[in-house]
Structure formats: structure tokens, C-alpha cells
Amino acid sequence: MKKHVIYYYHVIGEQADIIHNDSYFVLETYRIAGLTNPRNSKQLNLRLRPFELQQNNLYSLISKSEKLKLQILKVEFDDIDYELEEEFKDALKSRSASNIYEISEIIRSENVDISAITFNYDDRQYRVHKYAVAEIIGEWEELPMLTVETPLAMAIGFKKFPTERTFGY
């Protein structure tokens with residue numbers, strides 16, 4: 001298994017002769033493309049539009065982590081107060097979901113953006129950046145499936161987070 005850095009883009013219009021190869025894939029149902037090198041999009045005749053992840057999705061990844069059965073390993077913030085960041089790191093070390101959630105809500109109320117989240121899900125590590133870039137450890141052939149069938153899909157925004165009702169409450 002290898003670490004892959006995938007740049008996600010919205011697909012614009014119909015793509016003629018889409019070829020999946022070892023440098024990109026297209027999730028046609030979701031109109032999302034994943035590229036290993038975004039500079040290749042013109043050579044591949046792909047019409048793509050970059051996007052930024054919704055901060056709500058990144059914060060929801062934290063708040064619903066326990067119910068999604070994922071472990072938050074690290075969260076990187078833009079322009080955060082040092083003490084608040086240290087408090088959040090301590091909460092992560094304690095692995096107390098309620099404490100992590102409580103501090104993340106304080107951070108959110110101060111309008112601090114999350115720049116990246118690293119998490120474990122199903123014995124695999126993921127890192128997702130707010131500019132729709134993910135680091136995934138796996139084989140190239142499984143990356144489209146790992147994009148669609150993991151909490152990464154919710155963070156990116158093409159699948160909805162489960163509600164309390166769908167968690168069985």
C-alpha cells in the first residue's frame with residue numbers, strides 16, 4: 001500500500017472519452033474527479049472546477065466521529081489562539097468524544113477554519129484538507145471506493161452525514 005495525494009474537483013459538463021488511468025479517476029455519479037497531479041487536467045482534456053470543503057462538513061466529521069466509528073488523530077486550524085489549540089490537542093489525547101466536541105464548538109464559535117483533519121477509519125489513515133485534497137493510504141485501484149464508501153465522502157460533501165434517526169436513536 002502506498003500513500004496517494006488526491007486532488008478532488010467538480011466535473012463540468014459532459015466529458016468525452018473519459019479514461020481512468022493511474023493518475024486520475026472520475027466518480028460520474030457524484031460529478032467528482034480525483035487527480036494525482038492537477039496540472040495534468042488540460043493534457044487529459046478534463047474540464048474541472050476546484051472547490052473548497054464546507055467548514056460545516058469538517059466540524060461534523062469531528063462532532064460525529066464517535067458515531068461514524070472513526071478516530072480523530074489531528075486537526076489543523078487556521079489562525080487559532082495558541083491556548084485554545086493546546087486545549088484541543090489535550091482533548092484529542094484524552095480521546096473523550098464529549099470533550100473534543102465541546103472544545104471544537106468553542107473554536108467553531110470563534111469562526112476559526114479547519115485547514116486539515118487526520119483520522120483513522122476502518123484501520124486506515126486519511127487526511128483531508130479544506131481545499132479538497134486528501135491523503136489516502138491504499139492501492140490505486142481502491143481509491144475511488146475509499147472515496148465513496150468512507151466518511152471522506154461526507155467531508156468532501158457529496159454524501160450527507162447520518163442524522164440521529166439513521167444512527168438508530
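One-based numbering along the sequence shown.
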Evaluate the criterion salt bridge (charged side-chain N to carboxylate O under 4.0 Å, His left out) for residue pair D78 and K130; output intermediate values, then yes/no. CA-CA 10 Å; D78 292 343; K130 73 177 185 178; 2.4 Å; yes
Any chance [atom1] of [X] has more than 12 other-residue heavy atoms, nucleotides or ligands included, within less than 6.0 Å?
{"X": "E135", "atom1": "CD", "answer": "yes"}
{"X": "Q54", "atom1": "CD", "answer": "no"}
{"X": "F77", "atom1": "CZ", "answer": "yes"}

Enter the distance from [X]:[atom1] to [Y]:[atom2] here, rounded to the nearest 0.5 Å.
{"X": "L73", "Y": "Q125", "atom1": "CG", "atom2": "CD", "result": "5.5 Å"}
{"X": "I80", "Y": "D113", "atom1": "CD1", "atom2": "CG", "result": "11.0 Å"}
{"X": "Y9", "Y": "L48", "atom1": "OH", "atom2": "CG", "result": "7.5 Å"}
{"X": "N56", "Y": "F161", "atom1": "CG", "atom2": "CZ", "result": "9.5 Å"}
{"X": "H10", "Y": "I156", "atom1": "NE2", "atom2": "CD1", "result": "10.0 Å"}
{"X": "E86", "Y": "D81", "atom1": "CD", "atom2": "CG", "result": "10.0 Å"}

Run the side-chain contact (heavy atoms from CB on, under 4.5 Å) test on L143 and I136 for me, step by step, so that the C-alpha distance in whole Å, both residues' side-chain angles and the decisive distance to 0.1 Å come before the verdict. CA-CA 8 Å; L143 294 182; I136 307 171; 3.7 Å; yes
Can a donor-acceptor pair be found, under 3.5 Å and without considering hydrogens, that links the side chain of [X] to the backbone of [Y]?
{"X": "H129", "Y": "A134", "value": "no"}
{"X": "S65", "Y": "I72", "value": "no"}
{"X": "S60", "Y": "N57", "value": "no"}

Hey, any chance [X] and [Y] share a hydrophobic cluster, counting ILVMFWY side chains that come within less than 4.5 Å of each other, even indirectly?
{"X": "F88", "Y": "L84", "value": "yes"}
{"X": "F51", "Y": "F158", "value": "yes"}
{"X": "I137", "Y": "I117", "value": "no"}

Nearest non-hydrogen partners of [X] and [Y], listed with the distance:
{"X": "I114", "Y": "Q55", "answer": "N-OE1, 2.7 Å"}
{"X": "Y59", "Y": "V112", "answer": "OH-O, 2.7 Å"}
{"X": "L68", "Y": "Y121", "answer": "O-CE1, 3.3 Å"}
{"X": "E139", "Y": "H4", "answer": "C-NE2, 4.1 Å"}
{"X": "I103", "Y": "A91", "answer": "CD1-CB, 3.7 Å"}
{"X": "R31", "Y": "I12", "answer": "NH2-C, 4.0 Å"}

Would a line drawn from the ring center of Y7 to the ring center of Y131 be shorter than 6.0 Å?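 No.
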Can you tell me how the ring of F25 sits relative to the ring of Y8, calling it parallel under 30°, perpendicular over 60° and tilted otherwise?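 If you compare the ring of F25 with that of Y8, the planes turn out perpendicular.
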4.5 Å side-chain heavy-atom contact, [X] and [Y]:
{"X": "L61", "Y": "P151", "value": "yes"}
{"X": "T118", "Y": "V128", "value": "no"}
{"X": "T147", "Y": "I6", "value": "no"}
{"X": "L27", "Y": "V148", "value": "yes"}
{"X": "I32", "Y": "V26", "value": "no"}
{"X": "V5", "Y": "T36", "value": "no"}
{"X": "R95", "Y": "Q71", "value": "yes"}

Pair I62-F119, side-chain contact (heavy atoms from CB on, under 4.5 Å): steps then yes or no: CA-CA 9 Å; I62 294 169; F119 63 93; over 6 Å; no
Checking E142 against R124 for the salt bridge (charged side-chain N to carboxylate O under 4.0 Å, His left out) test, could you report, in this order, the C-alpha distance in whole Å, the side-chain angles of both residues, the deciding distance, and whether it holds? CA-CA 12 Å; E142 62 185 346; R124 200 178 294 251; 3.1 Å; yes
Under the salt bridge (charged side-chain N to carboxylate O under 4.0 Å, His left out) rule, what do E149 and K159 come out as? Steps first, then yes or no, please. CA-CA 9 Å; E149 296 179 6; K159 280 195 172 178; over 6 Å; no
Can you check side-chain contact (heavy atoms from CB on, under 4.5 Å) on L70 and N120, steps first, answer last? CA-CA 6 Å; L70 63 89; N120 275 343; over 6 Å; no
